[in-house]
Amino acid sequence: MPQEIEPKWQNIWAESGVMKASDGSEKPKYYDLVMYPYPSGDLTVGHARNYVMGDVLARMKRMQGYEVLHPFGWDAFGLPAENAAMKRGGVHPRDWTLNNIAKGKRELKMMGILYDWDREVISCDPDYYRWTQALFLLMLERGLAYRAMAPVNWCPVDKTVLANEQVINGRCWRHPDVEVEKRDLEQWFLKITDYAERLLDDIALLDKWPQKVRVMQTNWIGRSMGAEVDFPVDGMPGESIRIYTTRPDTLFGATFMVLAPEHPLVERVTTEKHRARVRDYAEKARKETEIERLSTEREKAGVATGGFAINPLNGEKIPIWVADYVLMTYGTGAIMAVPAHDERDFEFATRYDLPIREVIAPPSGPQRVLREAYVGPGVMVSSGEFNGLDSTVAFERICDWLEKKGIGKRAIKYRLRDWLISRQRYWGAPIPVVYCPVHGIVPVPVDQLPVELPPEYKPLSEQPNWYRTKCPIGGEDARRETDTMDTFIDSSWYFLRYASPHDDHEAFDSELVNHWMPVDQYTGGVEHAILHLLYSRFFTKVLYDAGMVAMTEPFMRLFNQGMVKRFGQVMSKSAGNGVSIDELAGAQGADAGRIYEMFIGPPEEDVEWTEAGLNGVVKFLQRVWRLVLEPESIVAEKGAPSVRVEPTVLRRKVAQTVGKVTEHYDELRFNTAVAFLMELANTMQGYLQGGGTRDAEWDSAVRTLLKLLNPLAPHVAEEMWQHMGEKGLLADASWPAYDAAAAAEPKVVLVVQVGGKLRDRLDVDAGLSEAEAMQAALASEKVRAALNGRGPSKVIYVPDRLINLVP
RNA sequence: GUCGGCGUGGCGGAAUGGCAGACGCGCCAGCCUUAGGAGCUGGUGCCCGAAAGGGCGUGGAGGUUCAAAUCCUCUCGCCGACACCA
């Protein structure tokens, strides 16, 4: 198998345009999308694994008669380019990025991966980020973008703000060993929280997503249902503290309150005597880093304010404390503490010797000594008029009561927070607004987009020639926003741009988007399970509301492929353990590399890279080559066994392989799909060695094998196809149809059993499913007679080959 | 701590509740050249046995079933996500 065949076929495919997606096609569409990568230099075999998966699927779908959209692009803005530029002074991030893109593109082509390159999207291209900016303005127009002074996560290494989602365990997502700091800054946010409910509810529609990702998104959004209740402050008429609780049924057990250190009422409720200590404590809490504050290991600590509040349910006076285990960013920043039924409150009460009152009795009855909080449901006690009720009932009754009295109401809270999108970086899409002393925040008119980055690589805030501008409204001297957007904005809509990549008067053509979308298959790493996928879903819903797209969810079916590791670590150039596509394709050819990537392990699992098995797939390809083009050499093999593979066995094997390979490609179970093809090749070899004739049936077996192999090993398959004298591209050939009758085992047998004893057996048609076979059996005279009118206690379906195993 | 997922040969891993270990790697033997680290053929879960054959086997303990790697309960171990969210 000469390696020159690879460029040969790559050129033929390019000229024939097999990979181009036609907008006006009559065929059913199939949108096969892979997550666009960050162009970080050499792509590794880890990237290739992902893209080969997408390519195998695209090639099969084309052969199945779909009009396949299989595009590619680059997530080209972002910090690594700036870091690289800084490292080798003088390199512009743009040059570094575009250079990497050129390299990556060459490698992808080398692997025989076919993309519709006419639709390539590069997020740092002004023709792209022009529309990223337009979409930001759409958000602004719809009231979904706002500026706010807020304590933000600040990465001291990257010197930029991070979104919540980019803070992992209190550390920067890019630098796992760097603690994130808190800073107060005025920043742009997107109101993703407005969509929290829909983002959560619509997870139900994503039934073809991995359960794991659905759970992660659900938890991330974090809905809780409860009530907001106002607790009047003792001695301050008209003043009250609003708390949020998920357990209104425990209101009678509230023995104290806790405010977050940043809570606005802390100063007011604090008495003179306690003022100094409270101030001191709040000051310290503010300085603590998020990671210290969020540690559950730490003992709960706080200080009393000296102030009191009134429990509106029973009129009881309860002390107000300040403690940092209450977060200003969730709920109302204030809680009622019910130590008997909340573990955190229990710990706090125990430490400061605060009263603990049980108001829900566990099923085992009231506890004599409370050693720990009881958080389950039970019977209400010490709760006035609600005594004796089940706590789940009391939950509703107390809410009703609060609402009737006007001191509280049911409320739903989300863990999800608004998306902070400002980045104090050069290499990103500039936020297209102007600050005018007269008109305030003025959006740059869409027809003036893009707000292009200045050529010089230097912080935008240090480029007055760039940021000094005129107000688009009145022409006053004004200043441009010098922050750029989080790159996750770029990637929240790139899959829409592929539908009309050259549209130069709108972000995308709605009609074309509605034609291609939603994405039928989306493949990418699980590391994007929350960030990218949640943001893309959010964008899609906003665009739906704006009437610009017809779908409410962008990705129908999601697949998270595993990572390729080496020496136990994720493969990457920077970690120095990368194996490049060049090396893989250079070793034994692109096709062997492709098959090996698919065969190395289950696609969703992480795999350790080793080339130990590469030789096995090379042997497989060589065997296929001989079967197809030199079958006579196999018949002549010396020392061959005399085991015969009957023609019927070969025929059935071919039919079964069609069914299995089609199904497993479809379900992205490539490792087993490869195994089935190997089995077929083994059977075919056995057939020849056993003296099988090379008749029309053999010929059809060969052709079927080539078609099934084509998505995996397209160069070799095309070459063999051509050698066989076939006209036309194998890529254009039709996918073999599955013949269920030919694939079926000879027959199946039903065992009918009454009272645990075998009564009769019945042959049924081959090819029936278990359910069909059972039904057929129950309808048959023979079985009815055997049952003797008593009805079966059991009807057992057993394949013929296993009949002897049944007692 | 909570929520997910996973435990199968020497290895990567297969098995709609139906012959566990497909397919491949590795290993062993033979063939071929005989320079093989190339190629071909056969064998290869573990134990007993010369063989025929027998026994045991999917982390562990129970259970459901004619039948369990698969379903249920408990338990041990590993991995991942989230983690004071009131």
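Chain A is the first sequence line, chain B the second, and so forth, proteins listed ahead of strands; every chain is numbered from 1.
Relative to the six-membered ring of A:Y244, A:K413 meets both conditions, a distance below 6.0 Å and an angle of at most 45° to the axis.
Taking only side-chain nitrogens and oxygens, A:Q685 comes nearer than 4.0 Å to OP1 or OP2 of B:rU41. Contact annotation: A:T672 side-chain N/O to B:rG13 OP1/OP2 distance is not under 4.0 Å. Contact check, A:R214 against B:rA81: no side-chain N or O comes under 4.0 Å of OP1 or OP2. At B:rU41, one or more side-chain N or O atoms of A:Q689 fall inside 4.0 Å of OP1 or OP2 (strictly under the cut-off). The shortest distance between the side-chain N/O atoms of A:Y244 and the OP1/OP2 oxygens of B:rA86 is not below 4.0 Å. Dashed line: the shortest gap from a side-chain N or O of A:N219 to OP1 or OP2 of B:rA81 is not under 4.0 Å.
The partner of B:rA29 is B:rU41, judged by Watson-Crick or G-U wobble contacts that both fall below 3.5 Å. If you check B:rC71 for Watson-Crick or wobble pairing at under 3.5 angstrom, you find it paired to B:rG63. Under the Watson-Crick or G-U wobble criterion, with both distances below 3.5 Å, B:rA35 is left unpaired in every strand shown. Base-pair partner of B:rG57: not found among the strands shown (Watson-Crick or G-U wobble, both distances under 3.5 Å). Look at B:rA15: it lacks any Watson-Crick or wobble partner with both distances under 3.5 angstrom. Nucleotide B:rG1 forms a Watson-Crick or G-U wobble pair with B:rC82, both donor-acceptor distances falling under 3.5 Å. Figure legend. B:rA52 is base-paired to no nucleotide; pairs are counted as Watson-Crick or G-U wobble with both atom distances under 3.5 Å.
The OH atom of A:Y325 sits 9 Å away from the C1' atom of B:rC84 (whole-angstrom rounding). Here B:rU16 presents its P atom at 11 Å from CD of A:E667, a figure rounded to the nearest Å. In this structure, A:L534 places its CG atom 15 Å from C1' of B:rA81, rounding to the nearest Å. Spacing between atom CZ of A:R415 and atom P of B:rC3 amounts to 16 Å, rounded to whole angstrom units. Rounded to whole Å, atom P of B:rA86 lies 4 Å from atom OH of A:Y330. The distance between atom CG of A:L677 and atom C1' of B:rA14, rounded to the nearest whole Å, is 15 Å. Going from atom CE of A:M216 over to atom P of B:rG4 covers 14 Å, rounded to whole Å. When rounded to the nearest whole Å, the span between CD1 of A:I530 and C1' of B:rC3 equals 13 Å.
Atom C1' of B:rC25 sits at a distance of 25 Å from the matching atom of B:rA35, rounded to the whole Å. Atom name P, nucleotides B:rC19 and B:rU70: the rounded distance is 14 Å, in whole Å. Between B:rC6 and B:rU16, the distance separating the two P atoms is 14 Å to the nearest Å. Taking the C1' atoms as reference points, B:rG36 lies 15 Å from B:rC31, given to the whole Å. Rounded to the nearest Å, the gap between the C1' atom of B:rG9 and that of B:rC27 is 12 Å. B:rC79 and B:rC74 are spaced 23 Å apart, taking the P atom of each and rounding to whole Å. Between B:rC3 and B:rU58, the distance separating the two P atoms is 29 Å to the nearest Å. When the C1' atom is used for both B:rG10 and B:rG43, the distance is 16 Å, rounded to whole Å.
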Table please: side-chain donor-acceptor pairs of residues 607-614 of chain A below 3.5 Å, with sequence neighbours left out.
from   : atom 1 : to     : atom 2 : distance (Å)
A:E608 : OE1    : A:G568 : N      : 3.3
A:E608 : OE2    : A:F567 : N      : 2.8
A:T610 : OG1    : A:A612 : N      : 2.9

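Under the ring pair (Phe, Tyr, Trp, His ring centres under 6.0 Å) criterion, A:Y195 pairs with A:F538, not counting sequence neighbours. Legend: residues meeting side chain to side chain contact (heavy atoms under 4.5 Å, CB included) with A:A673, ordered by chain and number and at least two apart, are A:H664, A:Y665. Partners of A:P210 by side chain to side chain contact (heavy atoms under 4.5 Å, CB included), not counting sequence neighbours, listed by chain and number: A:V213, A:L558, A:N560. For A:H532, the ring pair (Phe, Tyr, Trp, His ring centres under 6.0 Å) test picks out A:Y522, A:H528, with sequence neighbours left out.
Centroid-to-centroid, the aromatic rings of A:Y352 and A:W321 come within less than 6.0 Å.
Note on A:I243: nothing from the nucleic acid sits closer than 4.0 angstrom, heavy atoms only.
For the pair A:T332 and A:Q211, nearest-nucleotide mapping onto RNA chain B gives the more 5' position to A:Q211.
For the residue pair A:Q685/A:R623, the side-chain donor-acceptor check at 3.5 Å is satisfied.
Here B:rG9 is in the syn range [glycosidic angle within 90° of 0].
Note that CG of A:D207 and CZ of A:R214 are 6.5 Å apart. Values are rounded to the nearest 0.5 Å.
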#### Entry: Chi angles and distances behind the ring-ring contact (aromatic ring centres under 6.0 Å, His included) call for A:F599, A:F620
CA-CA 12 Å; A:F599 193 53; A:F620 163 65; 8.5 Å; no
#### Entry: B/S/- contact track for nucleotides 23-30 of chain B, protein heavy atom under 4.0 Å
BSS-----
